Visitor: 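First, the structure itself, so that you have it in front of you.
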There are 2 protein chains.
Amino acid sequence: MLSKKTKYGLKALTFLAKIKDREPIQIAEIAKHENISQKFLESILLTLRRNGLLGSKKGKGGGYYLIKEPEDILMTTVMRVLEGPIAMVPCVSLNFYEKCDDCPDEEACSVHKLMLQIRDNALDVYKNNTLADLL
Amino acid sequence: MLSKKTKYGLKALTFLAKIKDREPIQIAEIAKHENISQKFLESILLTLRRNGLLGSKKGKGGGYYLIKEPEDILMTTVMRVLEGPIAMVPCVSLNFYEKCDDCPDEEACSVHKLMLQIRDNALDVYKNNTLADLL
DNA sequence: TGAATACCCTATTAAATCGATGGGATAATT
DNA sequence: AATTATCCCATCGATTTAATAGGGTATTCA
């Protein structure tokens, strides 16, 4: 299942992508427009900013804004930041690889074989979609 | 993330697929060979049996065995039985469809658009793999 | 026929994760 | 200085997951 964190994060990003001149938008406005708990959205936007996807401005007239053009924001990046590993099993993960402690031979493992294909296909989709493609 | 239930279930199925003459294999033997908690595996094999993927025989010399040929067991079936919906969001699920209560327009939703592609690609993989392909 | 074997079922638990919330500190405008 | 809005910490309830325990029931074989 896709977490609400990722879902909300994607919605917020697409909302911000539609704003002209990259004018800062307040959390409250995004939350209201997308039906998201404001406090929860707050923490999501924060992690997006910490990972270089958003910029922020404090004080009056402040808010969040896109830091890059939607065409330059890959879904692989967004998904890894919000949802974590793209692979369903650590032993087929490119960025978060981890060996299974119960599995003696990775090459012979049927789960490994299947999940490798799933990862490759998911990766293809995320690589071929930028934020601009979702508008 | 792939649940251990699914992971163990897949391993058990591939183990049973290698048994000649579909001779019944005891839970304890599968658990030991695949490093799985026996009691946990017990419940997994039970659901596989209830969903027509395995047969069982009680009493001495009993155990579990494949009920169909590995070539005839699609991964779509296995995944739906063990892991549940293939889609990451209910609003793009074929077998478990559900409307998002926070999303006014499904067609305009960016999450929907992206997750639809992910589902299609995953489905393609699962459709093109039988249990025999994992051996 | 009876005892051993092995499936079948329910309930419980510990740990982890998720979604959400509250309170207050910090920074930037006016 | 006062207002405004981001920033950050800490917690909380609900749910799910993985595993365990214990006993019931059906089947087989001697």
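No experiment lies behind these values; they were computed from the predicted model shown. All chains are named by letter (A, B, ...) in the order of the sequence lines, taking the proteins before the strands, and each is independently numbered beginning at 1.
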Visitor: Quick one: B:F40 CZ to D:dT17 C1', roughly how many Å, whole number?
Guide: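 To the nearest whole Å, that distance equals 7 Å.
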Visitor: Could you check whether B:E83 and B:S3, counting side-chain N and O atoms only, form a donor-acceptor pair closer than 3.5 Å?
Guide: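 Their side chains do contain a donor-acceptor pair, which is all the 3.5 Å distance test asks for.
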Visitor: For DNA chain C, whose closest nucleotide is more 5', that of A:Q38 or that of B:Q26?
Guide: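 Nearer the 5' end of the strand: B:Q26.
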Visitor: Taking atom CD1 of A:I36 and atom NZ of A:K11, what is their separation to the nearest 0.5 Å?
Guide: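 Between A:I36 CD1 and A:K11 NZ, I get 7.0 Å after rounding to 0.5 Å.
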Visitor: May I have the distance from A:K39 (atom NZ) to D:dT11 (atom P), rounded to whole angstrom?
Guide: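 Answer to the nearest Å: 16 Å.
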Visitor: Could you check whether any side-chain N or O of A:R119 sits under 3.5 Å from a backbone N or O of A:V92, counting only pairs where one atom can act as donor and the other as acceptor?
Guide: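 Side chain of A:R119 to backbone of A:V92, a donor-acceptor pair under 3.5 Å: yes, one is there.
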Visitor: Let me confirm one number: the CG-CG distance from B:L82 to B:L10, rounded to the nearest 0.5 Å.
Guide: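 Spacing of CG (B:L82) from CG (B:L10) equals 6.5 Å.
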Visitor: Using a strict cut-off of less than 4.0 Å between a Lys/Arg side-chain nitrogen and an Asp/Glu carboxylate oxygen, indicate whether B:K7 and B:E34 qualify as a salt bridge.
Guide: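 Looking at B:K7 and B:E34, the cut-off is not met.
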Visitor: Output the rounded distance in Å from CG (B:L46) to P (D:dA26).
Guide: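 Value for this atom pair: 15 Å.
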Visitor: What integer distance in Å separates A:I44:CD1 from D:dC8:P?
Guide: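 Value for this atom pair: 16 Å.
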Visitor: Without swapping roles, check the side chain of A:D102 against the backbone of B:N35 for a donor-acceptor pair under 3.5 Å.
Guide: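 Not a single qualifying donor-acceptor pair exists.
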Visitor: Look at B:K32 together with B:E29 and state whether they make a salt bridge at an N to O cut-off of under 4.0 Å.
Guide: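 Not counted as a salt bridge, because no side-chain N and carboxylate O are separated by less than 4.0 Å.
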Visitor: Rounded off to whole Å, could you give me the CG-to-P distance for the B:L2 and D:dT17 pair?
Guide: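 Interatomic distance, CG of B:L2 to P of D:dT17: 12 Å.
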Visitor: At what angle, to 10 degrees, do the two end axes of the helix from C:dT1-D:dA30 to C:dT30-D:dA1 meet, given five pairs define each axis?
Guide: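 If I round to tens, the end axes sit 10° apart.
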Visitor: Check every strand shown and say whether B:L45 touches a base, only sugar-phosphate, or nothing at a heavy-atom separation below 4.0 Å.
Guide: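 It contacts nothing in the nucleic acid.
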Visitor: Any donor and acceptor pair, going by atom type alone, linking the side chain of A:K113 with main-chain N or O of B:L135 inside 3.5 Å?
Guide: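 The answer is yes, because a donor-acceptor pair under 3.5 Å joins these two groups.
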Visitor: Atom NZ of B:K4 and atom P of D:dT20: how far apart are they, to the nearest Å?
Guide: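 Whole-Å distance recorded here is 11 Å.
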Visitor: May I have the distance from B:E42 (atom CD) to D:dA21 (atom C1'), rounded to whole angstrom?
Guide: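 Those two atoms, CD and C1', are 11 Å apart.
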Visitor: How far does CG of A:L116 sit from CD of A:E106, to the nearest 0.5 angstrom?
Guide: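 Reported value, rounded in 0.5 Å steps: 9.0 Å.
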Visitor: Which of residues 48-65 of chain A have a heavy atom under 4.0 Å from DNA chain D?
Guide: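 Those residues are A:R49, A:R50, A:S56, A:K57, A:K58, A:G59, A:K60, A:G63, A:Y64.
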Visitor: May I ask you to decide whether B:K57 forms a salt bridge with B:E23, counting only side-chain N to carboxylate O separations under 4.0 Å?
Guide: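 Looking at B:E23 together with B:K57, the answer is no, because their closest N to O distance does not fall below 4.0 Å.
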Visitor: Taking atom P of D:dT4 as reference, at what distance in whole Å does atom CD1 of A:I25 sit?
Guide: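 After rounding, the gap between these two atoms is 18 Å.
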Visitor: For a 4.0 angstrom threshold against heavy atoms of chain B, report the outermost contacting nucleotides of DNA chain C in 5' to 3' order.
Guide: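 Result: C:dT5 to C:dC9.
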Visitor: Side chain of A:D133, backbone of A:T130: donor and acceptor closer than 3.5 Å?
Guide: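 Side chain of A:D133 to backbone of A:T130, a donor-acceptor pair under 3.5 Å: yes, one is there.
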